Participant: 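After the C-alpha cells below, expect a handful of questions from me.
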Number of protein chains: 4
Amino acid sequence: MSKPFCIGPDLITDQNRALSKDLDADYDHLGVQLARRHIDLESVTARVQQFAVAIPSWGVGTGGTRFARFPGLGEPRNVYEKVADCGVIQQLCRATPMISLHIPWDEPKDPAELRAAAASAGLRFDAMNSNTFQDHRGQRHSYKFGSLSHADAAVRAQAVEHNQQVIELGKQLGSKSITVWVADGANFPGQQNHRTALERYLDSLRAIYQSLPADWHMYLEHKLFEPAFYATVNNDWGTSYWCATQLGPKCQCLVDLGHHGPNTNIELIVARLSQFGKLGGFHFNDSKYGDDDLDSGSINPFQLFLVFHELLEAAARDPAFAPAYMLDQSHNVTDPIESLMNSAGEVQRALALALLVDRERLALCQQHNDVLGAHRLLKQAFTCDVAPILAMARARAGGAIDPIATFRASGYRAAKAKERPAALNTGSGIV
Amino acid sequence: MSKPFCIGPDLITDQNRALSKDLDADYDHLGVQLARRHIDLESVTARVQQFAVAIPSWGVGTGGTRFARFPGLGEPRNVYEKVADCGVIQQLCRATPMISLHIPWDEPKDPAELRAAAASAGLRFDAMNSNTFQDHRGQRHSYKFGSLSHADAAVRAQAVEHNQQVIELGKQLGSKSITVWVADGANFPGQQNHRTALERYLDSLRAIYQSLPADWHMYLEHKLFEPAFYATVNNDWGTSYWCATQLGPKCQCLVDLGHHGPNTNIELIVARLSQFGKLGGFHFNDSKYGDDDLDSGSINPFQLFLVFHELLEAAARDPAFAPAYMLDQSHNVTDPIESLMNSAGEVQRALALALLVDRERLALCQQHNDVLGAHRLLKQAFTCDVAPILAMARARAGGAIDPIATFRASGYRAAKAKERPAALNTGSGIV
Amino acid sequence: MSKPFCIGPDLITDQNRALSKDLDADYDHLGVQLARRHIDLESVTARVQQFAVAIPSWGVGTGGTRFARFPGLGEPRNVYEKVADCGVIQQLCRATPMISLHIPWDEPKDPAELRAAAASAGLRFDAMNSNTFQDHRGQRHSYKFGSLSHADAAVRAQAVEHNQQVIELGKQLGSKSITVWVADGANFPGQQNHRTALERYLDSLRAIYQSLPADWHMYLEHKLFEPAFYATVNNDWGTSYWCATQLGPKCQCLVDLGHHGPNTNIELIVARLSQFGKLGGFHFNDSKYGDDDLDSGSINPFQLFLVFHELLEAAARDPAFAPAYMLDQSHNVTDPIESLMNSAGEVQRALALALLVDRERLALCQQHNDVLGAHRLLKQAFTCDVAPILAMARARAGGAIDPIATFRASGYRAAKAKERPAALNTGSGIV
Amino acid sequence: MSKPFCIGPDLITDQNRALSKDLDADYDHLGVQLARRHIDLESVTARVQQFAVAIPSWGVGTGGTRFARFPGLGEPRNVYEKVADCGVIQQLCRATPMISLHIPWDEPKDPAELRAAAASAGLRFDAMNSNTFQDHRGQRHSYKFGSLSHADAAVRAQAVEHNQQVIELGKQLGSKSITVWVADGANFPGQQNHRTALERYLDSLRAIYQSLPADWHMYLEHKLFEPAFYATVNNDWGTSYWCATQLGPKCQCLVDLGHHGPNTNIELIVARLSQFGKLGGFHFNDSKYGDDDLDSGSINPFQLFLVFHELLEAAARDPAFAPAYMLDQSHNVTDPIESLMNSAGEVQRALALALLVDRERLALCQQHNDVLGAHRLLKQAFTCDVAPILAMARARAGGAIDPIATFRASGYRAAKAKERPAALNTGSGIV
C-alpha cells in the first residue's frame, strides 16, 4: 500500500499568499476601530490563538439518524484514519490539537503506537469516552435495560469494569480524564423507580471514581432525553451537580449544549455550575428542536456568544478555571472535516466576540440599572466582525487563512475516497 | 420446516372463562351507573366493537434509536412473519384487522400469495407506505439530499416512480390508499430555498396524484423535524393542508400525534383539518419530548381522549367522516406484540371515554358560558372506568378478555424465538 | 349591616340525601373490585379523608392577565371576606382547612381578630407569602429592578425587612412557615451579572433565615420565567436546591407545577428533591403553555397522578415526609369558589389513584425489566374511577357529596353579589 | 402652559459632528470589503434608508406583566403626548415615520387635529388596532367570554361594530388598514366548541370585511396562547391563512414573532405565507420563553436575520410585496423611547445583513447540495459589521449617528418628567 495522501505545507502557504494583503488591511482597520474602545487587538488575537477545542474521533465520520445514515466518500475506517483526518483539521485550523476517543469504537491494539501516530499528526488525547449504550460483540450482559443503573448488579459491574478499562487505556494514551455519559433511563412511567435508579447510578460512579488516578478528572454528562424518552438517570444539571458533589473534587459536570429542554437558558447553567465550582467540560454543537447535534453556531450564534461571556466571567473570577472543550456534532449532510473546521472557527469567533465586551463598563451599567446600556455593550461586541482576528490567529500559527477553501483545493477528500474504498458501517456512531 | 406455532382458540376460551364472572358483574354495574346519566352501555360497547385501527408491519419488530437497537427474541424476519404476528394481535384484540405495509421493506415476490396469507390471518391491507428516506440496494440516485423535493430532477423522478410502484402493488393487495411521508428538509439555514423546495415537492406529489386510482386516497404526513433538523418540506398542518388543497379531493392530510412542536394543541389541529374537510388519517403514539413514538396513551391519556372528542365531533357533523387509523410506535424496550395489543386497547379506551361525553349538555354549558360545567362534563366522562366495555367488546368478538395475560400464557414468543433464530437487522425500521 | 349570608348545614344534608343511595352502591361495588386486587377500600378512603391542601387567600378573587381582568360578582373585598369564602370551600369539601395569606394584600389590623375569624370558619393559617414583586403604597424604594437581589443594598434591606415582618405577623397568626418567591431577574442579556445576582439573593435569604423561629420553615419557590423574561434569580430546582443547602435545615424547596420549561418531567423533580431531603412544599395548578395557573388536573391529569406517585414514594421511604400543599391557580373565567372546590377534588383524586398502585408488584416488574407490566400497573390504578371514594370521604367528614351542585343550590354567590357591591380592583392579585 | 420641550436640530448636528470622522473611515473601509464581494455599499445604504417600521402608540408607555407595572418618568398621558414621543424617535432614527393607533385607548376628539399633530411631527398613521380584549367604560356587553366568536350574537355584533368604527376613524386619519387581534379562546378543555368558535369568528370577520374601503387591508393576527391558555380562536398561521382565504384579497395574515410555540421555525412561516400570497404584516419583537415582547433582536438576532432573508426572497419574487412592519414590544425596564430607537436599528441591521447575502451563489450552492457552502454564505453576511451603514443612513436622512447618546444628551426625559407629572395608569396597555 502506498503512503496515504497528505496536505503539503506549500499549499497552505500558496493559498494564504493570495489572501494576506486583504487580511492585513482588514486586520489593521479592525485594530483602529477597537483602539477607539480601548481594546488591544493583539491581546485578543493572542487569546484566540491559545484557545483549543478537542475533536471527537467519531466526528470525522458521517453521522446519521434513526431513519438512515448516508455515508460520505472516503470516510475513516479505523482509529488511525480518524487520527489522520483530525490531523488535517488541526493542520489547517490550529485550534484543535486534541482528539477525544470513544471506546470500544477506537480501541487500539497497541496504545503506544496510536499515541505516536497522534503525536506525529500534532495531536494529543483529551477526555476518554466510555460506551455502555450499545451492546458490543462478546459482551456478556446486554445494556438494553440500562448499564450503570441497571436493576441487575452483574450488569452494573460489567459497566463499571468497562469504564475502569477505559481509564486504564487512557493512562497509556496520555489522557487525563474520562467523560461518562450513560443512556440509562425509562421510556414508560413506571419502568423505573427514579430514586433507586439514581442510587444505583451513584454507586456505580463511586466504583469508577475509586479507580481514577490522582491527576484525572471524571466528567458527568447529563441529558434530558434520548435514547430514553420518558426519564433519564442523569437528566439535568441539578442532578449532575448533586452526583458530582457526592463523589468528590475529581468529579465535575460537563454541559452539552444540546442536552436541555426547549427555552432553557444555557448560559445561566454555565454561570451556576461555575459559581458552584463544578463546571468541568463543555460539548459544543447547536440545535433547533432536540439534541440535533448541528454545527456549532449554525442556529443560534448569539447563544454561543453568551455562553462564552459566562465562561470568561468564570475565568475572570478564577484564573484556574479551564474546562475541557470538545465539538460534539453529527455531520449528516456535510463533509465532516469541513464542518469541524468551520465549527472550530465558530467557537473561536464566539470567544473573540466575548473578549470584546467591556466588562468594567458593563458592571457599571448593571450597578446603575442602565438595562439598555448594559445590553448594548453585549450587542456592540457581538456585532463586531472578528473574521480578521480568526484568520490572523490561524495564519500566525501556521494554519490556513481560509481553511475550507484550502481543504477543497487540496484534493484530500478525493484522495481518501480512493484510498478508503470500503466504508465500514459499524453502527451510526453518533454521540 | 415444521408448521409455525399458533395460538389455539381453546386457550382464549380457557383464559376468558376465569375472568368472565367478574367481568359480567363489573359490566352490569357500569351499565347501571351509565343509565343514571342516560347513556346506553350496549351502544357504547357496539361502537367500540366496530372500531378498527391498523398495525404497521414494521411495528412488530423492535425499534431503535440513532444510538442503538436492542433486538428482541423471535422477531419477524420477513413480511409473512410480520403478518403472522399481526394476526396474533388481531386474534386476541379484535380491534386491528388491517396491516399497513412499508415498501420496499415488505415487497412480496407474489402479491396474491401475500394477500391470501393475510386473509387467512384475518387481515386486510390498509394504507401503503412508500420509502424515500433511505437508500435501497440497487437504487440509482441517493436520497441523502432529498427525494420528492431534491434539487436534481432525476432524483425527484426516481422518487415519484417509487411511489407509483407502491400504488401499483397496493392495487394488487387490495389497499385503497398511500401515505406519503418524506424526510426532505434541511439541517442548516441556507441549505434549501424553502419556497423552491415546496414547489418541487408539490410538483412531485402532482405526478403521484395523477397515478392514483379513482377510489384511492393519498395521505400527506407532515412532521416538524427529524431527520431534517432545521426545516422540513412538509413541516406542519398548514403546509400539509395547502398542499392537499392544491392537489384535489383524493388528497387528504394525516396527523401523527408525535410530529408537532412542544405545547402544540393537537386536538385543535384535528378540529381544524376536519372542519376544512381535509383530515384523512391518524397515526397514534405518544411522546414526552420529541417524536418519541412511545406507546399510545402512555404519557398523556387525557390528550388522546380530547383527540377522540374532536373525532367524534367531526363524525357527528359529517356521517361520512372515516379517517384511516394506525398505531405508529417504536417499541424499544417492550415486546412489540404486547405493546401493540395494549395500545389498541388504549385507543379504544379513549374512544369509549369520548362516547360518554354528554354532547347536548356540553353544548348548553358552552352556550351559557358555564365554563367549569362544560369542563366537568369532559372530566366526568374521562374519569369513568371503561375497562369492562373494552373487555366485553373483545370477548364478544372472539378475542381475549385480558390479551396480554393470554399472550403470555400462550408461549408464542418463546416458540418464535426458536422458529426465528436469525434476527435480520435490516435498518432501524422505524417510522 | 345585616349578618353575611352563610350556607346552612341542612342544605348539605338535603343535597346529600338525594345522592347517598347511588353513592353507597357505587362505593360498595368499587370495594368489591379493589378487594380482588387486595386493596382495602376503607384505608384508601381514610387516607383521602386525612389529606389537606391550603387555599391561597388571593385565589378566591378573579384572576387576570396582563391584557385584562374581568371581575366576577361578589368578589371578596378584604381578608375577612376571603376567609369567609375559604370557609365555604372547606365546609363543602372538607379538604382545605388552611389558608395561605399574602402580605401586604391581607395585612390585618388585628391579627388576633383575624385568627379568631379563621378559627370560627374552621380554618387555620398555613405558609405566609411575602410580596416584593410590586411597589406598595408608602414604600421607600421601588422593586422595578429587583428586591432581594437588587444592585442597591438599601433595596435589598427593605425587602429583607418586609419578609421579617411577614414572619412576625405569621407568628401571631399561628403560621409555621414562609414561602419566598421573588420576581427578580433580567429581561435582557447583560442586564444582570448572573453570579452576583445569586450571591445577593443568597445573602438576603440568609438574613431572613436568621429571623426564622426554631419551629418554622422557609420555602424557596423557583420559577423559570415571568415576570423576568430572560433570566430569573431562582430559576430552576437545581438553583433552589443549592440555595436551600447553603441556608440550613429549616430551608426547603417548593415546587410549583407551572414554573418549569416545556417538556419538563416534573415528577422527576419531585423524586430528586425528596431524595435529597429538600422537598418542603407544593403548589398545584395545571398549564398547557407557560405558567398558565389553570385549574389542577384540567390539562394533564396523568401528570398529577405521577406527581402523587412520587410523593407517596417519598412518604413510603420517610414517614416524616409531609410537604405543605397549596392550590395556586388563577381563576379568570370561572367562579373561584367552584374552581377551588373542584381542584381540591382533583388533587384528592390523584392521591386516591396513586394509593391504588400495587407498589410491591411494581417493584418486582421493575426488578425484572417487565417494562409493560410495570407501566400497566400504573395505568390500571389511574383508570380506576375513584369518584365514590372522594364523595364518601367528603360525606363522612360532613361535607357535600357533590360540592359544586350544593354550592350552586345554596345561592351563596348571588347573596354575596348583593352584600359586596364594590369590587375593589387592587392589582391583578395573582401569584 | 408653556410649550412642551423639543429636541432641537442643532443638538443632532453637534453630536454627529464628533462622530462623523470615524464613521466616514469605517464606512469607507466597509465599502472596500464589500466591493471584494461585488456588493455595492451605496445601494445597501439606500435600501436601508428607504426602510420604514411603524411605532405602536402604546409602545412609548412603560409595559407591565400580570404581576406588576412599574411606570417610568414622564410617560405620555394621551395620544398627543404619544405622538410627541414617536416624533422624537423618528427625528433621531429616521426609520419610523408611522404610528399605529389603538382604539379606544387613542380615540381622539378631533381626528383632523390629531392628523395634523402627527404630520407636524413628521408622522403618518399606519394600521389601526381595534380592542375587544378589554371591557371599556360604557360598554354594554362584556368580553369576558369572547368577542368576535362569543356565544351570544349580541356580543359579537358589538365587537363587529367596534371594528367598523375603528375603520371609520382610520379613514379620517389617513390609515389604510386595520389589524384584528382577538383574545378569544378557552382556558379549559370543553369550554368552547373549537369548530363553532371558528365559524363565529369567521362570520364576524366577514361583517368587518364588508365595511373595508376598497383600498384598505385587513390583517389577521394569530397567536398561540395568552390570554387564552388552552385554545385560541386564531391560534396559528394555518388557521389565519384559511380565514384570510375565506374572506378575500383585502384580507392578509400578520405574523408577530412572539406568537408561536417553542422551537417554531418562524422564517419558514414567512416563506409559506408569502409563497401563498397572504403575508400582509409583521410585528417585530423577541422572546425567550413565551410571548415575552422583548426588544427586537435582543435574544436571537440570527433568527431576525433569517426572517429578513425570507422577506427579501419574497420581494425578489414579487416586486409588489410590501408588508406592513411594526415594532410590537413591551418595555418594562427600559426607557421606551430608547428601546424603540434601538429596536428600529436592530430591524434595520437585520435588513442590511440580509442584503449582503449573495443570492446567486447561494442558489448555486443549493442546486449542487453544497450544504456548508450555502450556510457559510448566510453566515458571511450575518457576521459582517454593518453599523456604519445604519449610522450613515440615519445621518444622511437628518437623524443622529448615535440616537441613544443624542437622546440622553438632550434632556428630553427629564423635561417630560416635569411636564407630565401625573402618570395615568390606564390599564397595562400592552399588546
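Source: prediction; values computed, not measured. We name chains A, B, ... by the order of the sequence lines, and we start the count at 1 in each one.
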Participant: Under 4.5 Å from any heavy atom of chain B, what part of D:His150 do you find: side chain, backbone, both or neither?
Facilitator: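 For D:His150, side-chain heavy atoms alone lie under 4.5 Å from chain B.
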
Participant: Could you look at D:Thr245 and say if it's the side chain, the backbone, both or neither that has a heavy atom under 4.5 Å from chain B?
Facilitator: neither

Participant: Can you tell me which portion of D:Ala363 sits under 4.5 Å from chain B's heavy atoms? Options are side chain, backbone, both or neither.
Facilitator: neither

Participant: Under 4.5 Å from any heavy atom of chain D, what part of B:Arg200 do you find: side chain, backbone, both or neither?
Facilitator: side chain

Participant: With a 4.5 angstrom heavy-atom cut-off, could you sort out which part of B:Asn263 is near chain D: side chain, backbone, both or neither?
Facilitator: side chain

Participant: Mind ranking B:Asn235, B:Asp370, B:Val357 by heavy-atom pairs under 4.5 Å with chain D and telling me who comes out on top?
Facilitator: B:Asn235

Participant: If we define contacts as heavy-atom pairs under 4.5 Å, which of B:Pro262, B:Ala314, B:Ala197 has the most with chain D?
Facilitator: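 Highest number of pairs under 4.5 Å: B:Pro262.
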
Participant: Where does D:Asp236 contact chain B at under 4.5 Å (heavy atoms): side chain, backbone, both or neither?
Facilitator: side chain

Participant: Where on D:Leu372 is there a heavy atom nearer than 4.5 Å to chain B: the side chain, the backbone, both, or neither?
Facilitator: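 The side chain, not the backbone.
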
Participant: At a 4.5 Å cut-off on heavy atoms, which part of B:Arg317 comes close to chain D: side chain, backbone, both, or neither?
Facilitator: side chain

Participant: Under 4.5 Å heavy-atom distance to chain D, tell me which part of B:Ala186 shows up: side chain, backbone, both or neither.
Facilitator: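 Neither part.
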
Participant: Would you say the side chain of D:Thr239 lies within less than 4.5 Å of the side chain of B:Tyr241, judging by non-hydrogen atoms?
Facilitator: no

Participant: Between chain D and each of B:Gly146, B:Ala151, B:Cys365, count heavy-atom pairs under 4.5 Å; write down the option with the most.
Facilitator: B:Ala151

Participant: Which of parallel (below 30°), tilted (30 to 60°) and perpendicular (above 60°) describes D:Trp242 and B:Phe276?
Facilitator: parallel

Participant: Grab the two heavy atoms, one from B:Arg195 and one from D:Glu313, that are nearest each other, plus how far apart they are.
Facilitator: CD-CG, 4.1 Å

Participant: For a quick test of reading the model, state the closest non-hydrogen atom pair linking B:Gly190 to D:Ala374 and the distance between them.
Facilitator: O-CB, 3.3 Å

Participant: Please check if atom CZ in B:Arg359 has more than 12 non-hydrogen atoms from other residues, nucleotides or ligands closer than 6.0 Å.
Facilitator: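 Result for CZ/B:Arg359: enclosed.
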
Participant: Between D:Phe225 and chain B, which part of the residue has a heavy atom less than 4.5 Å away: side chain, backbone, both or neither?
Facilitator: neither

Participant: Is D:Glu310 close to chain B through its backbone or its side chain, or both, or neither, when contacts mean heavy atoms under 4.5 Å?
Facilitator: side chain

Participant: Heavy-atom pairs under 4.5 Å with chain B: which of D:Asn187, D:Leu378, D:Val371 has the most?
Facilitator: D:Val371

Participant: Are side-chain heavy atoms of D:Gln191 and B:Gln366 found at a separation under 4.5 Å?
Facilitator: no

Participant: With a 4.5 angstrom heavy-atom cut-off, is it the side chain or the backbone of D:Leu362 that approaches chain B, or both, or neither?
Facilitator: side chain

Participant: Hey, could you give me the CD/CD distance between D:Gln192 and B:Gln367, rounded to the nearest 0.5 Å?
Facilitator: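 Output value for this atom pair is 13.0 Å.
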
Participant: Can you say whether D:Asn369 sits under 4.5 Å from chain B via the side chain, the backbone, both, or neither, judging by heavy atoms?
Facilitator: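 Both parts, heavy atoms under 4.5 Å.
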
Participant: For a quick test of reading the model, state the closest non-hydrogen atom pair linking B:Pro189 to D:Leu306 and the distance between them.
Facilitator: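 Smallest interatomic distance, heavy atoms only, reads CB-CD2, 3.8 Å.
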
Participant: Output the residues of residues 265-275 of chain B for which the shortest heavy-atom distance to chain D is under 4.5 Å, in residue-number order; output 'none' if no such residue exists.
Facilitator: B:Asn265, B:Glu267, B:Leu268, B:Ala271, B:Arg272, B:Ser274, B:Gln275

